[in-house]
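A, B, ... follow the sequence lines: proteins, then strands. Residue 1 opens every chain. Keep in mind that this is a model prediction, so the values were computed, not measured.
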Amino acid sequence: MKDHGLNAPSNFIRSMISKDISSGKHSGRVLTRFPPEPNGYLHIGHAKSVCLNFSLASENNGACNLRFDDTNPEKESQEYVDAIKENIKWLGFKWNGDVRYSSNYFDHLYNLAMQLIQNGKAFVCSLSAEQSREFRGTLTEPGKNSPDRNRSIRENLNLFKQMKGGEFSDGAYTLRAKIDMESPNINMRDPIIYRIRHVSHHQTGDKWCIYPTYDFTHCISDAIENVTHSLCTLEFEDHRPLYDWILNNLELDSLRVICDLSDSDMTFVLPQQTEFAKLKLNYTIMGKRKLKEMVEAGLVDGWDDPRLPTLAGMRRRGFTAASIRNFCEIAGVSRSEGTVDLSMLEHCVREDLDQCASRVMCVLNPMKVTIRNIKKGEVENLSLQNHPKNESMGTRIVPFTREIYIDKSDFEENPAPGFKRLVLGGEVRLRGSYVIKCEEILRNGEGEIIELICSADRETLGRRPEGRKVKGVIHWVSAVHGQEATLMLYDRLFMVENPEAKEIADYKEFLNPESLSVIKNCMIEPSALEGRERKHYQFEREGYFILDIEGENMEYPVFNRTITLRDSWGK
RNA sequence: UGGGGUGUCGCCAAGUGGUAAGGCACAAGGUUUUGAUCCUUGCAUUCGUUGGUUCGAAUCCAGCCACCCCAGCCA
C-alpha cells in the first residue's frame, strides 16, 4: 500500500515547519520527539502522534526521539516501556539514537531547579495538598500567595537539598516556581515543579525521593535534546506559557551547556510547542484509565484484546501497520476536535488487505453437499490463484471431491427476491470449480435440512456454462480435506457512539454483548494451515482473517477476523 | 460571571479577499468465477449566527450563539 509520503496532505503543522525551515528558524533543523508516559499501552490515538512526529521528521531530513516521560514512578512500569517500544517498531518507525528517558535528566533537572531558587524564581512551600488547593483560587478568583513565598534563597536552597536528601515525608514540602498567583491562567499560579515521593523508579531505582513534575521536566527535556518542534495535544495549550516561562527563566547558557549539540555549528534554539487535536474514534474508548480498568477487571482479554483500540490489540486482530499509518494520514491534523468515523479506519484496512491478503476458502456454518456425478474417492487437485488480480502471489492446490461443505446461508428453500446463491433446482458456481445444480434436499427427523444432493456440470471448469448465465458464486471446502478451525468474529466493543460522553455515568453498561462471537467447527481448506504462519488471509466472501497470536503452538487453529468484506447485499 | 481554544456536506478535512479541493459514508450505473475489488456518475448557490467593510468575504471587522480544555503534589 502506498504511504502518502511526500504527497501527504498539507496541514497547519506541516506548513509551519516549512516556514520555519525557509526562515532558518532552527538553522533549518527539524527534531521532533514522541514522549509517552509508560503508564499504559499505546492506542490508535497515540498512533496519530507517533505518525505525525516521525513522518514530519523524516519528510524534512530530521529525526524523531523516543523519550519516555517518566516523572511519576507510582504509575509507571518497565512492562509499559517495553510494550511501547515494541509498538513503535511495529508501526514502522525508527527513533533517533537510543531510547531516552526524562529520568536521564534528573540530575540536570535538579541543578536547574537549584538555579531557579538561586535566582529567586522558585521557593520551597510547606502548604499541604489541601491548603495549596485553597490558596490556588478558582477559575474566577485569583489565588493567594503562599506564606512561604518570601522565604530566603538560602533557606530555600537548604530545604530543597533536604528534600532531596530524604529528610521529609511525602507531601511535607514542594518546590514551586514563583510566577503569579493572580494569573488568569491557573497553570501560572506558582506551579509545583518538584514533589517528594518515597517510591522507587523503574529506571533510577531508589536514587531519588523527589520527582520533577511534567511542566518542569518536559520543556527542559526538549531543550536538552535540542528538539525544535514539540508537538502535543490541545489540552496542553494552557501549559505553553509555563513551558516558555521555565525555559526563559533559566540561564540560557546553562541549558546550552547540557544540551545535546552533536554538531558544533548548530545554534542552540529553544524548542517550540505546538498543539493539535487528538484523535477520537467512535464506538470505542481511548481513555488510558478506562482501558486499564477493562483489562484489569477482565472485561477484555488483556491489553492486546483484538476488540481494543490498542496497537497491541489491533495487531493481534490483523490490522496492518501500513493501514494504521494511512488512516492517521487521511484523518488529518487540525485544531478542531472531532470524532473520526470507524468506517474510515475500516476502509483503510480493507484497502491494504485487499492488496496483500491471500485468498482462501473457509466455510463458517458447514452444510454437506454430495455431488452425485463425481466418483467416490476421486480427488481433483485444482490450482487456484492466491489473488485474483496479482499473479505474482502465486497459486495453491485446492482439492475437490464428491462431498464438500458449503455455508448454510448459501442455500435457501424460500429465497428472497434477488437471492443469487443456491436454490432447489437452481445452479451456482463453486468458486474455482464447477457449476452445480441442486437436485434434492435431505432432511433429518425434525425436517431440518442436513444435506444437499447436487450434480456438477463438468463442462464448466474454467469455462462459462453454455446457453445460460449463472450469477451466484459460493465458496466451499472438500469434506475429506477440510480442516476444523475456530473463528473469532469481532464487532464494535460498545453499542453507543461515544461511550466516554459526559452523560454516561458508567461506560461499562454500554459494552456490546456481541462484540465477540466464537464460531467453532468451521471448515477451512488445508492450504491455509500450512506452516501455521501469522499471515493475512481473505476468506473469500467472508472477510479478512489472521491466525491468532499463538500461531503454530495452538492445538487447533484459531483465526481472528480483522474485518468483514464490504457487503452491499447484507447477509 | 476568569483564561485558553474550536465552529466549512452525515464524519474527517483543504481553503488565509476573487466567487466552496479531497477522503470516508451514502446513492445510481458498468465490469466481475468473491453480492469483494475495480470503473463511472451524483452528493454544500454555501462555510455556527447576525450585522458591517468591500466591486467582490468561508476568508477582514463587531456582536451574539454552541461546544471543548484548565482549579492533580497526573501527564
Side-chain angles (χ1 to χ4, degrees), chain A residues 9-11 35-37 39 69-72 74-76 125 127-129 132-134 136-143 170-176 183-189 191-197 211 213-215 217-218 232-241 275 277 279 282 288-289 327 329-348 350-351 354-355 359 361 384 387-389 418-421 428-435 460-464 470-475 538-543 564-571:
Chain A
S10 170
N11 61 54
E37 186 191 10
N39 67 346
D69 211 347
D70 55 348
T71 55
N72 185 12
E74 286 165 300
K75 293 184 177 167
E76 302 160 3
C125 180
L127 254 25
S128 69
S132 80
R133 195 181 317 126
E134 285 161 12
R136 189 156 34 229
T138 67
L139 294 177
T140 52
E141 296 162 311
D170 288 5
Y173 290 100
T174 56
L175 181 68
R176 301 174 65 181
S183 171
N185 180 347
I186 293 180
N187 295 304
M188 300 298 269
R189 319 242 258 232
I192 288 165
I193 57 176
Y194 259 95
R195 69 294 215 191
I196 302 172
R197 282 284 175 284
Y211 293 97
T213 58
Y214 164 84
D215 286 308
T217 309
H218 204 90
C232 63
T233 45
L234 253 25
E235 70 267 29
F236 290 100
E237 192 155 21
D238 290 344
H239 293 246
R240 185 165 12 114
E275 311 84 15
L279 172 71
N282 54 189
K288 265 192 188 179
R289 207 204 85 243
F327 170 69
E329 197 63 75
I330 71 170
V333 179
S334 76
R335 290 177 57 88
S336 65
E337 304 175 305
T339 303
V340 177
D341 199 276
L342 238 198
S343 66
M344 215 189 272
L345 212 210
E346 295 178 340
H347 162 80
C348 291
R350 289 194 181 108
E351 185 182 54
D354 176 54
Q355 291 175 59
R359 308 295 115 132
M361 292 191 283
L384 268 56
H387 190 109
K389 291 185 175 176
F419 185 79
K420 300 205 309 198
R421 285 109 80 172
V428 80
R429 160 77 64 180
L430 291 179
R431 171 109 248 233
S433 177
Y434 302 92
V435 168
T460 57
L461 186 62
R463 222 184 287 160
R464 295 198 173 166
V470 173
K471 269 205 163 178
V473 179
I474 64 174
H475 54 103
Q538 185 197 101
F539 290 180
E540 291 205 58
R541 303 211 304 135
E542 295 291 357
T564 59
L565 256 30
R566 266 186 90 238
D567 185 4
S568 54
W569 172 250
K571 285 191 179 181

Taking [atom1] from [X] and [atom2] from [N], how many angstroms apart are they, rounded to a whole number?
X: A:Glu76; N: B:A75; atom1: CD; atom2: P; value: 8 Å
X: A:Glu337; N: B:C69; atom1: CD; atom2: C1'; value: 7 Å
X: A:Glu235; N: B:C74; atom1: CD; atom2: C1'; value: 12 Å
X: A:Arg429; N: B:U34; atom1: CZ; atom2: C1'; value: 13 Å
X: A:Arg189; N: B:G3; atom1: CZ; atom2: C1'; value: 9 Å

Using atom types as modelled and distance alone, determine if a side-chain donor or acceptor of A:Ser334 lies under 3.5 Å from a backbone N or O of A:Ser336.
yes
Is [X] near enough to [N] that one of its side-chain N or O atoms lies under 4.0 angstrom from OP1 or OP2?
X: A:Ser568; N: B:G35; value: no
X: A:Arg133; N: B:G72; value: yes
X: A:Arg464; N: B:U33; value: yes
X: A:Arg335; N: B:G4; value: no
X: A:Arg136; N: B:C70; value: no
X: A:Arg240; N: B:C70; value: no
X: A:His347; N: B:C24; value: yes
X: A:Thr71; N: B:A75; value: yes
X: A:Arg541; N: B:G35; value: yes

Check every strand shown and say whether [X] touches a base, only sugar-phosphate, or nothing at a heavy-atom separation below 4.0 Å.
X: A:Leu127; value: base
X: A:Ser336; value: sugar-phosphate
X: A:Arg289; value: nothing
X: A:Ser128; value: base
X: A:Leu342; value: nothing
X: A:Thr138; value: base
X: A:Phe419; value: base
X: A:Gly143; value: nothing
X: A:His239; value: base
X: A:Arg431; value: base
X: A:Val470; value: nothing
X: A:Lys471; value: nothing
X: A:Pro36; value: nothing
X: A:Arg359; value: base

Which of the following nucleotides, [options], is nearest to the side chain of [X]?
X: A:Arg566; options: B:A36, B:C24, B:A75; result: B:A36
X: A:Asp341; options: B:C11, B:C73, B:A75; result: B:C11
X: A:Pro184; options: B:C12, B:G3, B:C70; result: B:G3
X: A:Ile330; options: B:A36, B:G23, B:G5; result: B:G23
X: A:Ser132; options: B:C73, B:A14, B:G23; result: B:C73
X: A:Gln538; options: B:A14, B:U34, B:A75; result: B:U34
X: A:Ile186; options: B:A71, B:U34, B:G35; result: B:A71

Taking [M] as the reference, what is the distance to [N] when you measure between their [atom1] atoms (whole Å, please)?
N: B:C68; M: B:C74; atom1: P; answer: 26 Å
N: B:U37; M: B:G5; atom1: P; answer: 44 Å
N: B:U1; M: B:C9; atom1: P; answer: 28 Å
N: B:C73; M: B:C67; atom1: P; answer: 29 Å
N: B:A14; M: B:G23; atom1: P; answer: 15 Å
N: B:U31; M: B:U50; atom1: P; answer: 48 Å
N: B:G15; M: B:G42; atom1: P; answer: 25 Å
N: B:U59; M: B:C47; atom1: C1'; answer: 10 Å

My understanding is that a pair needs two contacts under 3.5 Å, Watson-Crick or G-U wobble. By that rule, which nucleotide pairs with [N]?
N: B:A27; value: B:U41
N: B:U16; value: none
N: B:G7; value: B:C65
N: B:U54; value: none

Determine whether any donor atom in the side chain of A:Asp238 lies under 3.5 Å from an acceptor atom in the base of B:G3, or the reverse, and answer yes or no.
yes
Give me the atom names and distance for the closest heavy-atom approach of [X] to [Y].
X: A:Val428; Y: A:Val473; answer: CG2-N, 4.1 Å
X: A:Asp69; Y: A:Pro35; answer: CB-O, 3.8 Å
X: A:Glu141; Y: A:Arg189; answer: O-NH2, 2.8 Å
X: A:Glu37; Y: A:Glu76; answer: OE2-OE2, 2.7 Å

So is the aromatic ring of A:Trp569 stacked onto the base of B:G35, judging by whether the centres are under 5.5 Å apart and the planes are under 30° apart?
yes
Is a salt bridge present between A:Arg359 and A:Asp354, judged by a nitrogen-to-oxygen distance below 4.0 Å?
yes
Do the ring planes of A:His239 and A:Tyr214 sit parallel (below 30°), tilted (30 to 60°) or perpendicular (above 60°)?
perpendicular
Go through it in stages, so that I can follow the logic: the residues are A:Arg133 and A:Ser128, the test is side chain to side chain donor-acceptor pair (under 3.5 Å), and I'd like the CA-CA distance, side-chain angles, deciding distance and then a yes or no.
CA-CA 8 Å; A:Arg133 195 181 317 126; A:Ser128 69; over 6 Å; no
State the CD1-NZ distance between A:Ile474 and A:Lys420, to the nearest 0.5 angstrom.
13.0 Å
Interatomic distance, A:Ile186 atom CD1 to A:Thr138 atom OG1 [nearest 0.5 angstrom]
7.0 Å
Mind telling me if B:G72 is syn or anti? Syn here is a glycosidic angle within 90° of 0.
syn
